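Please read the structure below before turning to the comments.
Everything numeric here is computed off the predicted structure, so don't read it as measured data.
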Amino acid sequence: MSDLKELFREKAELVAAKVTNIKSMEEAYAYAANYVAEKNPCELLIPSSPSAPQPEFAEEKIMAAPELSDEQYAALAKECEAKGVKLIKDGMRGYMAGIDAGFTIADAGLIETGSIVQQSNGEELRLATMVSEVHVAVLPASKIFEDSIAAEKLLLELMSGVAYTAFITGPSRTADIERTLAIGAHGPLELHILLLED
Amino acid sequence: MHNAENLKEYREDMQEALDNEFLRKSMDAFAVGYRENRAKAFAGIDERALIKKIADCKDYAVKNNAALMKQFTEEAEKRGVHVHQAKDAEEANRIIAEIAKKNNVKKIIKSKSMTSEETLLNHYLEDENLNVVETDLGEWIIQMRHEGPSHMVMPAIHLSRYQVQDLFSKRTGEKLDSDPVKLTKVARRELRRDFADADMGISGANFCVAENGHIGIATNEGNARLTTTAPRIHVAIAGIDKLVPKLTDALTALKALPRNATGQALTSYVTWIGGANECAIGEDEKKEMHIVFLDNGRSKIAEDEMFSQIFRCVRCGACANVCPVYRLVGGHKMGHIYIGAIGLILTYFFHGEEKAKNLVHNCINCGACKSICAGGIDLPGLIKELRARINQDNGMPIETNLLGKVLKNRKLFHSLLRFGKWAQAPMKKGPYLRHLPLMFMKDQGFRSFPSIADKPFRDRFSEIKPMVHNPKHRVALFSGCVQDFVYPEQMEAAVKVMARHNVAIDFPMDQSCCGLPVQMMGEKQATIDVAKQNVDAFEGTNCDYIVTLCASCASHLKEGYAELLENEPGYKAKVERFSAKIIDFSSYAHDVLGVSADDFNKSSEKVAYHASCHLCRELKVVEQPRNLIEMAGDYAPSAEEDVCCGFGGTFTVKFPELSSTLLDKKLTNIEATGAKRLVADCPGCLLHLGGGSNVRNNGIKVTHIAELLAENLK
């Protein structure tokens, strides 16, 4: 198992994901709340008023965690509260200008490409993982596969009905100007993967 | 977009591109960087096996397109998707505009879609007074510049950061920094409101998976995820060729697509959408989702036995990435909407013969695209076939017709070559012609032309034919026209090397030109006629090997003849025997004769090597010539050894500007090694490289590898 974790970490880091080993969900909550508390304020990509200065920064720290169980959400909310971070789980359409972080639990990890698989059927989760500056995803080590083909059965299950499924490989990026790599295009500027020993 | 009326205008376009210094520098850096990145990305992967898998899957999908469409439609409709089929671009655009109007759409955001470029969707929607915003950074840039893409995955690759800086500064009304990272942040900020405000999102689809009605979209920027999430309506447009049976087929193709496109193991996002997902602002909190399948000539191509393989294309753009011509002129000059090698072909089918007739000539037939195509498409072969079809539809140009007629008659052809010896007498200066008659001279001054030899090889052979008793095997030589009449000394050198090894050598006198030059010009019947003539000439020789010193002839004889003659009565078995015996000189000397260092007095001369396209890519002969050079001399590797020298037979006549630029690059790399000797395995390359060196006066002696070996034999 630890081999798979190391192989996954190696590939994910190649695509600029930040990978951290954790032993419990509590560690994940603390990590996320801390990171958001300490990061620079979120840049608001839609001006709050026509006269707002550019760039404009948010005054409060916000994290969204749309699809946690009530229990998980309460635990994360407690950590956030202690750090002065506002935690939300819905209403993402009101935050299109950007938030600090989106917190999710990934459905699978793919070693070959260092990707996470994130079922994104819920709109709140989709937006939370796109308009956030940092996407923090917990990846249970038991869900690491060699590659997408090895994970085919799981993928087909995820896609069995009306579905929206994402492979996410590092933060958003582009090289459209002079082929110069720029991290952070329309999606998150950072992807943090918390590898959970389970 | 390609608008030249004729070849002359098209050549002027070429010159304009060559004069664009930024484009040239940027493309050079890209070509070199891409090769390294791609090699890294494919490390540890059985590339050939992967490509074969993709090709097989796509071939199956083409044959079963109707069934896959039915299955996909059922699965997608089950998931609440409206599936539309459009027979042409106009109908696809109309369907999409109607969806927009019916839903009172004002603003549309788009993620990247080549299919929508193909239908000129943006123009159509704008004419309907809809506000359309491209959100892929490159697409957004070219949309503001009112240009088409110059690359399928990097649409703004032709622009400098300064041009983008000016564009974005104008847009924002402030003076911006030219740093691409900062400019990207500007796009991130400028476009977010559009994502939030748009009523409709339009995306393409890399895959349409029949078994579960899902579409798959690969992007790096995350714009496709936002485009398909934020607005209340999502319309995906896809060619019917994007259908694949199973998810695993799409996953397999995804292993090659980003690696081939940009050298990435995978794009940042792969988005799989199956149906009308949750959408807070939609009716019943559901997204309205449509898929528009575009035919636009595709089902006709699917029935074309030869061209149906173009459905294997995954739109990675790699055929442009490695194309020496694309590297010189960029996508706007090497395509109409689709660019690169596949673009030349797709232009013919999607945008018509008129748009394609000049473009199809701009392939140097170096095979670089074929060697890396994710679907294993025989791109240069198809381009040659298109030339033939266009010629057939329009009547042959007179010079093509004439050459075809001459080549069909070997005696006439050879008489003309012999006559050339006398005709050139007043112009001859050493081994080169001092000046050319005006009709040949135009724009060809960048290299000297060799003179025709006093005595062709066929007349010398009987004098040098070695007498052998109990030979270990029998060889028949195929000389090709250039070595027979221009460079007989190359053939003599080969005979000298072979004579040491107790082999019987024959030279069948009825052999003629291999036929590749007329094939390049699109003269199909003459190509078949000379092929038959050559097969017949060797049929009675009872040889074990047919050795040729010309890589282009070798690849045409070995790879091309079987296909050319497969439907000719009585030739199937004959051509199989013939092709099986064909071997290039380096492979023959190295692998069959087994020459070794012991055969030579290794000289200290530094020797550079040019890897001829048809040898290193078509015949995949890589190690043998380099090992041979090292046995006889001091091998000096040069940069980009396997990039085309710019000859390309008829290409050098049609596009002298491009041909001479490629030659300059090649010779600059060779000169940088300090070697004063350059060898290659192909007389066409040697003619080009030797003539160019003569004009540059660089003191480099250019010879066939056989001559290097013969000189240094013990």
Verdict with supporting geometry, B:H151 and A:D176, side chain to side chain contact (heavy atoms under 4.5 Å, CB included) | CA-CA 11 Å; B:H151 189 284; A:D176 272 354; over 6 Å; no

Stepwise, does the side chain to side chain contact (heavy atoms under 4.5 Å, CB included) test hold for B:I281 with A:R93?
-> CA-CA 9 Å; B:I281 55 170; A:R93 281 186 180 269; 3.4 Å; yes

Side chain to side chain contact (heavy atoms under 4.5 Å, CB included) evaluation trace for B:L266 with A:F167 = CA-CA 9 Å; B:L266 194 58; A:F167 297 174; 4.3 Å; yes

Please list every donor-acceptor pair under 3.5 Å in which a side-chain atom of residues 156-165 of chain A meets a protein atom from a residue at least two apart or in another chain.
from	atom 1	to	atom 2	distance (Å)
A:S160	OG	A:E157	O	3.0
A:Y164	OH	B:R225	O	3.4
A:Y164	OH	B:T228	OG1	2.6

Hey, can you pull the donor-acceptor pairs under 3.5 Å for the side chains in residues 244-256 of chain B, sequence neighbours left out?
from	atom 1	to	atom 2	distance (Å)
B:D249	OD2	B:K246	N	2.9
B:T252	OG1	B:T248	O	2.7
B:K255	NZ	A:E112	OE1	3.1
B:K255	NZ	A:E112	OE2	3.3
B:K255	NZ	A:D147	OD2	2.5

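A distance-only check finds no donor-acceptor pair linking the side chain of B:R192 to the backbone of A:L45 [under 3.5 Å]. With hydrogens and angles ignored, the 3.5 Å screen pairs a side-chain donor or acceptor of A:E178 with a backbone N or O of B:R161.
Between B:E221 and A:S172 the shortest side-chain heavy-atom distance does not fall below 4.5 Å. Contact of the B:S111 side chain with the A:H186 side chain is not registered, since no non-hydrogen atoms from C-beta on lie closer than 4.5 Å. Counting only heavy atoms from C-beta outward, the side chains of B:Y269 and A:I168 approach each other to under 4.5 Å. Looking at B:K185 and A:E43, their side chains never come closer than 4.5 Å, going by heavy atoms from C-beta outward. Between B:T271 and A:R126 the shortest side-chain heavy-atom distance does not fall below 4.5 Å.
Heavy atoms of other residues, nucleotides or ligands lying less than 6.0 angstrom from CD of A:E71 number 12 at most.
Inspection of non-hydrogen atoms places no residue of residues 13-38 of chain A under 4.5 Å from chain B.
For B:I141, the part lying under 4.5 angstrom from a heavy atom of chain A is the side chain only. Heavy atoms closer than 4.5 Å to chain A are found nowhere in B:V81, neither backbone nor side chain. Contacts of B:Q163 with chain A are absent, with no heavy-atom separation under 4.5 Å from either backbone or side chain. Only the side chain of B:Q264 comes within contact range of chain A, with at least one heavy atom under 4.5 Å from a heavy atom of that chain. Residue B:A276 touches chain A through its backbone alone, counting heavy-atom pairs closer than 4.5 Å.
For the residue pair B:E278 and A:N121, the shortest heavy atom distance occurs at CB-O, 3.8 Å.
Interface remark: of the candidates B:N223, B:N220, B:T172, B:V209, B:N220 forms the most heavy-atom pairs closer than 4.5 Å to chain A.
Judged as a side-chain hydrogen bond (donor to acceptor under 3.5 Å, both in side chains), and not counting sequence neighbours, A:R179 has no contacts.
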